[in-house]
2 protein chains.
Amino acid sequence: MTLDPRKQKVLRAVTVDYIYSAEPVASQTIARKYNLGVSPATIRNDMADLETEGYLRQPHTSAGRIPSDKGYRFYVDVLMEPEEVPEATARQVRTALQSQTGGLEVAFRQALRFLSLLTEYTAIVFAPHLKGRQVKNLHLVPLDSRNVVVMLVTDPGFVQSRVVELASPLVEGAAEALSRALTQLLRGTTVGCAGRSLREDLEEVVSDPALRRQLLEMLGAGEEGAAGGGMQAEGATNLFKHPEFRDVERIREFLSLLEGKATLVELLAKIANAGGVTVRIGGENHSADLYPYSLVLAPLACQGRPVGTVGVIGPTRMVYSRSISTVQLVAECLADLLERFGR
Amino acid sequence: MTLDPRKQKVLRAVTVDYIYSAEPVASQTIARKYNLGVSPATIRNDMADLETEGYLRQPHTSAGRIPSDKGYRFYVDVLMEPEEVPEATARQVRTALQSQTGGLEVAFRQALRFLSLLTEYTAIVFAPHLKGRQVKNLHLVPLDSRNVVVMLVTDPGFVQSRVVELASPLVEGAAEALSRALTQLLRGTTVGCAGRSLREDLEEVVSDPALRRQLLEMLGAGEEGAAGGGMQAEGATNLFKHPEFRDVERIREFLSLLEGKATLVELLAKIANAGGVTVRIGGENHSADLYPYSLVLAPLACQGRPVGTVGVIGPTRMVYSRSISTVQLVAECLADLLERFGR
DNA sequence: GCTTAGCACTCTCGGCACGAGAGTGCTAAG
DNA sequence: CTTAGCACTCTCGTGCCGAGAGTGCTAAGC
């Protein structure tokens, strides 16, 4: 069931040509541009075979061929020649991200900008969510007698803070004592798993009801924190440069895909547990919404545990080689960053 | 130079009809639907006059009329009947926003969601920027011996925090002493106006170079903080429901307007100092990028000082009456919130 | 048996003409 | 000043046509 060598060459030629031209590829074009040493007629026969085997599609009779999802998959797995990110560019990205002092959120945003700039697709990140992270530290910082900042630090160095208006004023020194007690109580607790016992323990330690409610909320359902529990995207407009987005309906679909998030988050969450760069092509996503898109995604881990996913989304007609190396680069930089913060 | 009463009625009819139908309005349509008691021919004459006076435009000969910017302006200032937000909806918005405990960022985001939902346009907020705010409090919270969270609290209760890796370990108790010293030094300082003297003072108080750099950065150029120093938008896809966005070029323009931000931020910053709801129609914005859009904007203030702007952006063919009342409602809720945090 | 030249066939796409429909502007009468 | 009537203009949808692109098939060649 393997493809004979010439058919592989034809499939590669069709794929590469279509990726760059966005036009169905004709047998003659291949004969002219990629010298396989055979005539258009022969190529035509191979293309017909490749179509019956499911690697190519024809938009309509008497048009050239374009790769099917299966064709892209074979291309990515077997035929594609890897493309390195130019060393100069790579260095630039690395230094920019490593010298980042503005905290993880800012670094993530910058990573997205790089990704969308270098690939010309839309960069997405499923930011490390607080849910599932362990509490490292909890601090109360009094602003004045009635207001206090609650600061929750979780595992890889995410800081989430909120201002609480207390029901009754704090006495001098109470904040520090409470901070110590709470940190001791909560250290190691997993955010999002606020069990009954925790609730009872809190009632003992914290007398102020407003503060207690706020703490429970922060430790609770894993809401979007400052680090962005949800998904972020950058460069949505990039996609509109590509001819598959000539019509408005497609644009609307794509934007509501990004805004709706649910479909994407589900996929990104799954990938967070994968190893290495994953390529998902069109229908492989088993979701009608994602059918016209391909994604190149890399998991993010901190001390061996998965914390999120980063990558790009674009049309199935994607420059996979470049996307893969770029995503890899950016993911590595972010991994370094996560280790640095995660100590 | 004032318009005679019947012409006003005609102008109102054309505007209202066009706002809802998005089709050029014919004299006969007006005669049929808005009974002004005159024949289409008379209305035609009035429309011709209104056109020479600049209130109406004709997309091409033998099409109906549509309002010009000047026409919309007259409609908004004189002809429009105010439309209240239904009490039930208003109550819902108020309670949802007032019971918000997740800090200003979350509340702002929710406000945007309401706005975009209720108006069907794109909601934007120029979030209170730290630049220009006064420092209220500065705290250092040690995480372990080498890492410390720097937390900067500015005037209306914005919290900005970053993790710093110190050049040399902290001794016990040093963090608290430093926090006190820094708060005393910095209280009342305006963020973004880090003068030379401040820099010298910091050198005396803070010996750690990494920490010093971080502090200067946070106090410095007024970068985007956690509260979002820049602009946020919600519901960009809303606009694509409207027929003026049938073609891809317009969509791309709009999205890059939102992503580019500069043009909008400039306008929003100006409005931040205004009083009450401001309506900007098309060309009134004196910016080619904004020419096809109208904005309904309200300033946000805290203790009498301007801190930002909130509103919606949509096509000039906008349901102004509804937009105005909705923006007003949301702005009031946010003002309450700002007062609560600003104590 | 694989490759290839030749040719008929199919499908898309741009251009053009045409007619219907919508709406105006003008004129002249009420 | 208002209005009926009518000619005029412009858009838009439709159908037609021809050019061009590309294939599939057949039969001949190696």
Side-chain angles (χ1 to χ4, degrees), chain A residues 2-11 13-18 20-68 71 243-244 246-248, chain B residues 2-11 13-15 17-18 20-68 71 243-244 246-247:
Chain A
T2 60
L3 293 174
D4 83 59
R6 198 187 57 213
K7 278 188 192 155
Q8 294 197 9
K9 280 186 191 159
V10 171
L11 178 53
V14 172
T15 309
V16 169
D17 207 82
Y18 184 64
Y20 288 101
S21 73
E23 296 290 333
V25 186
S27 53
Q28 207 180 133
T29 311
I30 295 185
R32 252 203 325 268
K33 297 205 326 202
Y34 308 79
N35 40 358
L36 306 187
V38 291
S39 76
T42 309
I43 294 175
R44 222 149 41 227
N45 288 331
D46 285 352
M47 281 162 90
D49 291 351
L50 285 167
E51 183 169 0
T52 56
E53 288 168 59
Y55 294 98
L56 293 180
R57 298 190 300 123
Q58 211 172 5
H60 55 86
T61 356
S62 94
R65 300 302 208 297
I66 64 179
S68 65
E244 19 274 287
R246 257 165 308 167
D247 90 275
V248 188
Chain B
T2 60
L3 294 173
D4 82 60
R6 197 185 57 213
K7 279 188 191 155
Q8 295 197 9
K9 281 186 192 161
V10 171
L11 178 54
V14 171
T15 309
D17 207 82
Y18 183 64
Y20 288 101
S21 73
E23 297 290 334
V25 185
S27 54
Q28 207 180 132
T29 311
I30 295 185
R32 251 204 325 270
K33 298 206 322 204
Y34 308 79
N35 39 358
L36 306 187
V38 289
S39 76
T42 308
I43 294 175
R44 224 152 36 231
N45 288 331
D46 285 352
M47 281 162 90
D49 290 351
L50 284 166
E51 182 169 1
T52 56
E53 287 167 58
Y55 294 99
L56 294 179
R57 297 191 300 123
Q58 212 171 5
H60 54 86
T61 354
S62 93
R65 300 302 207 297
I66 64 179
S68 65
E244 20 273 288
R246 258 165 310 168
D247 90 275

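So you know, we letter chains A, B, ... as the sequences are listed, proteins then strands, and number each from 1.
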| Picking from B:Arg65, B:Lys7, B:Arg44, what satisfies salt bridge (charged side-chain N to carboxylate O under 4.0 Å, His left out) with B:Asp49? | B:Lys7
| field | D:dG13 pairs with, by Watson-Crick or G-U criteria that keep both distances under 3.5 Å | value | C:dC18
| query | Quick one: B:Gln58 CD to D:dT9 C1', roughly how many Å, whole number? | reply | 11 Å
| query | For D:dA7, which nucleotide is its Watson-Crick or G-U wobble mate, given both distances must be under 3.5 Å? | reply | C:dT24
| Residue closer to the 5' end of DNA chain D, B:Val38 versus B:Thr61 (nearest nucleotide) | B:Val38
| Reckon A:Gln28 touches a base, only the sugar-phosphate, or nothing at all at heavy-atom distances under 4.0 Å? | nothing
| said: Side chain of A:Ala41 only, heavy atoms from C-beta on: which candidate in C:dA5, D:dT3, D:dG22 is closest? | reply: C:dA5
| request: Select one nucleotide: of C:dG25, C:dT24, D:dG24, the one nearest the side-chain heavy atoms of B:Ser27. | output: C:dT24
| remark: Looking only at D:dC25, C:dT12, C:dT24, the nucleotide nearest the A:His60 side chain is C:dT12
| message | A side-chain contact here means heavy atoms from C-beta on lying under 4.5 Å apart; do A:Thr29 and A:Glu23 qualify? | response | no
| query | Any N or O donor-acceptor pair linking the side chain of A:Ser62 to the base of D:dT23 at under 3.5 Å? | reply | no
| said: Which nucleotide wins on minimum distance to the side chain of B:Arg6, given the candidates D:dT2, D:dG5, C:dC11? | reply: D:dT2
| Does the base of C:dT3 carry an N or O that pairs as donor and acceptor with the side chain of A:Thr42 under 3.5 Å? | no
| task | Report the residue (B:Gly64 or A:Ser39) whose heavy-atom-nearest nucleotide on DNA chain C is the more 5′ of the two. | result | A:Ser39
| Once you round it to whole Å, what is the distance between C1' of C:dT3 and CD1 of A:Ile43? | 12 Å
| Counting only Watson-Crick or G-U wobble pairs whose two distances fall under 3.5 Å, which nucleotide matches C:dG30? | D:dC1
| task | Might you point out which heavy atoms bring B:Met47 and B:Val25 nearest each other, and give the distance in Å? | result | CE-O, 3.4 Å
| Is there side-chain contact between A:Tyr55 and A:Val14, with at least one heavy-atom pair below 4.5 Å? | no
